[in-house]
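Presented below is the structure to which this report refers.
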Amino acid sequence: MAVVTLDRLTKIYDRAHAPAAEDVTLEVRDGEFMVLLGPSGCGKTTTLRMIAGLESITSGTLSIDGRVVNGVPAKDRDIAMVFQSYALYPHMTVRENLGFGLRRRAVERAEIDRRVAAVAGVLGLAGLLDRKPHALSGGQRQRVALGRAIVRDPKVFLFDEPLSNLDAALRVSTRGEIAALHRRLQATMIYVTHDQVEAMTMGTRICIMNGGRVVQVGAPIDVYRRPANTFVAGFLGNPPMNLMPAVVTDGPGGRRLRVGAADLDLPAGAAPSLAPGTAVTFGIRPEDVGDPATTGAHRAGVAVEIVQVERLGAETMAIARMPGLERTLVARIAGDAPFTIGERRTLSLDLTAAHLFDASGVALRPEG
Amino acid sequence: MTASVLKRTLLLLGLSLYTAFASGPFVWAAMMSLRTTTEIHRSHFALPFPAHWHKFPEAWFNSNYATYFGNSVQVVVTAVVILTVVGAMAAHCLARYRFRLNRVIYFVLFSTIIFPPQITIISLFQILVQYGLYNSKVGLTLVYVAIQLPLTIYILESFFARIPSDLFDAARMDGYSDWEIFWRVALPIALPAVATTIILNFILLWNEFLYAVVLITDEDNRTLPLGIQRFIGDTQEDVGMIATGLMIAIIPVVVVYAFFSEKLIQGMTAGAVK
Ligand SMILES: Nc1ncnc2c1ncn2[C@@H]1O[C@H](COP(=O)(O)OP(=O)(O)OP(=O)(O)O)[C@@H](O)[C@H]1O
Ligand SMILES: [Mg+2]
């Protein structure tokens with residue numbers, strides 16, 4: 001049980017390059033499952049390794065339960081880490097791998113055996129205890145790596161993309177197991193991934209990083225619904241949010257936008273009032289673009305040309321071009337929509353779900 | 001099917017021929033070790049009937065062989081132990097830690113390999129005389145360590161560098177210090193490579209002649225290769241006795257090889273590092 005506080009943590013590997021992590025400020029609450037999510041190279045692993053004590057901290061403070069641990073070596077932080085490569089000791093059996101950390105901590109032999117057996121039972125490794133890692137499947141190795149962390153009963157668990165080496169089916173089931181493990185242990189866990197499905201389904205909160213900095217922290221669904229800027233909007237969601245350049249024009253309430261050749265009147269709940277001429281970015285998620293058949297109060301029809309159709313069975317992705325716009329618009333329509341390529345038709349946008357971002361990409365929220 | 005059988009047959013034939021070719025001199029020496037010099041002069045390749053087993057105790061007791069053998073064991077085993085421990089530590093350090101001049105040190109160490117011993121041996125002789133290490137087993141041991149260390153580090157460094165660094169990080173998270181990580185994680189994983197260097201160094205140093213002949217003159221400090229040389233007189237050679245001496249000298253090499261090569265083969269096939 002622990003609170004992990006990162007205060008302006010910065011890591012500079014090399015003066016010639018930009019910091020790998022810069023001013024990372026984040027509080028991971030007791031028992032929380034915090035997911036660090038971001039594109040490759042954004043500093044997730046670096047941040048995690050600083051928390052683990054495997055990497056020195058260039059500046060900023062890291063505290064666990066209020067105690068600053070910048071100078072505390074990894075072995076004294078009482079943190080366990082699951083590595084992407086699993087990092088099982090190849091010359092030791094599964095039993096020895098699981099017990100290695102306990103042996104160092106002068107736990108009694110009988111107690112080690114008891115804890116190893118208990119963890120092996122939970123993870124279904126009981127029959128494999130005398131095997132060496134090279135005689136295990138990928139999924140089994142992954143479990144041993146998990147077990148090695150659990151058996152130590154640490155204050156904080158760190159995971160660095162633990163599922164990325166598993167095949168798709170195994171990834172889904174292991175995801176569920178880790179989530180169940182978190183519920184059972186109620187321990188503080190910090191989980192690095194660049195897989196948004198993992199982030200959305202597992203995280204109590206997620207922390208989106210980009211270019212070494214924290215961009216947004218919040219519950220997954222809040223971050224999804226209210227992205228702080230165009231980066232988050234374009235990163236989260238699959239396919240991501242449609243983002244189009246737009247200009248505010250004269251209209252009621254200062255919420256009339258010109259997007260390409262179309263004029264859209266945003267409802268008061270979707271955007272603040274803006275001065276005419278302001279350049280903004282208009283964003284709308286693919287699921288909020290639909291068939292005109294479902295016209296509602298705040299849906300606006302736009303004329304488009306369908307350029308591509310992807311039928312996934314349960315839903316259809318239609319990629320459309322709006323007149324006067326470079327960018328294509330992606331629509332996600334439930335069921336099998338009868339669209340054809342080259343067809344000119346109208347799509348309707350649910351403007352209550354529209355997002356606006358200013359010229360620097362920061363979200364503009366409606367007043368009040 | 002037939003093609004693969006043919007391929008196998010050819011391969012076996014080739015291997016058998018090569019084995020016969022490679023082991024021929026060894027078998028010949030082994031046969032001569034059981035025959036007297038007179039017999040050998042009469043017929044070079046005859047089989048050892050009757051077998052003169054008494055030549056072995058004779059070579060051992062009458063020619064100061066026990067001393068040579070003991071000296072060799074002492075010098076070579078000490079040198080190999082130091083080489084293995086120091087070499088592995090240096091290799092681990094050069095492969096694992098980032099510090100300034102890491103590559104420079106590595107290069108300087110390794111570049112000494114290019115000098116043939118003839119270039120350095122005279123100055124080495126001078127240095128040993130100055131430090132009072134000339135004609136001593138300690139001096140020879142130190143020289144052996146010095147000449148074999150670069151190659152040992154070179155072989156081990158490339159192996160240690162292939163051990164994923166995550167393993168060391170995992171051990172740090174498990175609470176181990178750098179010193180313990182070396183002994184309990186790095187060294188056991190690198191065992192196949194370490195076994196290779198043990199065999200290599202042992203065989204090379206066991207047979208080493210040039211440094212020994214220059215740096216040791218004292219009868220009591222001679223190593224085996226020098227001892228065998230003593231059978232070669234100025235005017236006549238006791239060929240039979242030389243062969244017997246050689247056979248005794250070979251035994252430890254075979255033992256070391258048999259003991260460590262199981263590890264060697266294991267390491268080559270099992271893939272200890274994933
Ligand atoms: N040991 C190192 N020395 C120098 N630069 C490094 C080192 N480790 C990472 N970096 C750099 O720091 C930046 C962040 O790397 P990091 O590994 O934290 O990214 P990441 O978010 O984990 O990416 P990924 O999703 O690909 O694992 C990258 O630009 C990387 O090149
Ligand atoms: Mg990473």
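Values reported hereafter were calculated over all heavy atoms of this structure, with side chains retained and with hydrogens, waters and symmetry mates removed. Within every chain, numbering begins at 1; the chains are lettered A, B, ... in the order of the sequence lines, protein sequences first and strands thereafter.
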Heavy-atom closest contact ([X] atom, [Y] atom, distance):
X: A:I79; Y: B:M173; value: O-CE, 3.3 Å
X: A:R148; Y: B:D174; value: CD-OD2, 4.1 Å
X: A:Y13; Y: B:R98; value: CD2-NH2, 4.5 Å
X: B:I189; Y: A:H91; value: CG1-ND1, 3.3 Å

Inset, instruction - Mind checking the CZ-CZ spacing from B:R184 to A:F100? Nearest 0.5 Å is all I need. - result: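 If we round to the nearest 0.5 Å, B:R184:CZ and A:F100:CZ are 5.0 Å apart.
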Inset, instruction - Kindly say whether A:A74 contributes a backbone atom to a donor-acceptor pair with the side chain of B:R172 at under 3.5 angstrom? - result: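 Flag not set: sc B:R172 to bb A:A74 has no pair under 3.5 Å.
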Inset, instruction - Check whether any side-chain heavy atom of B:L167 lies under 4.5 Å from a side-chain heavy atom of A:P90, and answer yes or no. - result: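 Yes - at least one pair of side-chain heavy atoms lies under 4.5 Å apart.
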Answer with side chain, backbone, both or neither: which region of [X] has an atom nearer than 4.5 Å to a non-hydrogen atom of chain B?
X: A:R103; value: both
X: A:L102; value: neither
X: A:A52; value: both

Whether over 12 other heavy atoms sit under 6.0 Å from [X] [atom1]:
X: B:R103; atom1: CZ; value: yes
X: A:E111; atom1: CD; value: yes
X: B:F99; atom1: CZ; value: yes

Inset, instruction - For each of A:R105, A:M92, A:M81, tally heavy-atom pairs with chain B at distances under 4.5 Å, and name the one with the top tally. - result: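 The option with the most such pairs is A:R105.
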